[in-house]
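Just below is one structure, and these are the notes that go with it.
Note that ligands are numbered from 1 as they come in the structure, with each ligand's atoms numbered from 1 the same way.
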Amino acid sequence: MAVIISGKEVSAKVRADVKAECELLKEKGIDPGLAVIIVGNDPASRVYVNNKKKACAEVGFLSEEYALPEDTTQEELLAIIEKLNNNPQINGILCQLPLPKHIDEKAIINSISPLKDVDAFHPSNVGKIMIGDYHFLPCTPAGVMELIHSAGIDVCGKKCVVIGRSNIVGKPMSMLLLHENGTVTICHSKTENLKEICSNADILVAAVGKPKFVKADMVKAGAVVLDVGVNRDENGKLCGDVDFAEVEPKASYITPVPGGVGPMTIAMLMKNTLMAAKIQNNL
Ligand code: GUN
């Protein structure tokens, strides 16, 4: 039986710390602010954006929402970002992805000031993460690291396997594990012998986007299993990339879905926004 690492509990602690620091900043006349942009009507994005606004209110940040119609042009979106880049009341800018097909996501990410890029998606911030000299960590991988730390797990020297190589999760996740001296393997859809590689992992991070993809025979007995997936199963019920019922008895630690990595992403966004406010006020 595995220890269940509760993202609900760990994220509440992170948000409480951010709230306390926010109060101290406010005493110095600094009022952290986050702008959240959403384009179109994707229902999942709507839920994420609502949760981000709620978290801002809870920790005491100002939040501004820009809910733009599906047919917003790239130029219109770029103009809004330019204004936000120059608005001193806004410390962080987050443009919810995915964007409608007619908008070039790369152009949008590149247009956000790296100092306000609380997602850490801008190439300049990605480069900083690569060399281990960063202000902002990408929220989901940073949340996974926080969960690992909260359980007292030492990454140093461990065999770490990350399934998934996205720019948002897989690649930066691998880098953060490497920074802590893990021996990291990145697997993806073209990987041969996936089962064998995964079943050697001491720490297994699943970020594939396929419901219940990781089965018990892909997991080493006693492994630490972190599930980044947010999917629906055959009954429409929320589930992760890991088959929890199968894998949990075999793992030493495991994160559930929901209530695992998900709440951490938003907590780390709050942490990044606080950091942005501090940097922009030379603290
Ligand atoms: N869409 C899914 N995850 C994320 C995220 O972490 N940030 C943004 N901006 N969009 C997302």
Look at atom 1 (N) of ligand 1 and say which protein heavy atom is nearest, naming residue and atom and giving the distance to 0.1 Å. L97 O, 2.9 Å
May I ask whether C139 places a heavy atom under 4.0 Å from ligand 1? no
Test of understanding: given a 4.0 Å heavy-atom threshold, classify the contact between S45 and ligand 1 as side chain, backbone, both, or neither. neither
Side-chain donor or acceptor of Q280 paired with backbone N/O of N91 under 3.5 Å: yes
Test applied, side-chain contact (heavy atoms from CB on, under 4.5 Å); reference residue, Y66; option that passes from I38, L84, V49: L84
Under 4.5 Å between any side-chain heavy atoms of F136 and H122, yes or no? no
Could you tell me if E196 and N200 have a donor-acceptor pair between their side chains, going purely by distance under 3.5 Å? no
Going by the 4.0 angstrom heavy-atom rule, the piece of F121 near ligand 1 is side chain
Quick test: of every protein heavy atom, which one is nearest to atom 3 (N) of ligand 1, and how far off is it to 0.1 Å? Q96 NE2, 4.4 Å
Basic-acidic side-chain contact under 4.0 Å: E21, K28: no
Atom 6 (O) of ligand 1: nearest protein contact (heavy atom, Å): D119 OD1, 3.8 Å
Is there a polar contact between ligand 1 and I168, counting only N or O atoms under 3.5 Å apart? no
L94 heavy atoms, cut-off 4.0 Å: which ligand 1 atoms fall inside? 9 (N)
Look at atom CG of N87 and say whether more than 12 heavy atoms of other residues, nucleotides or ligands are closer to it than 6.0 Å. yes
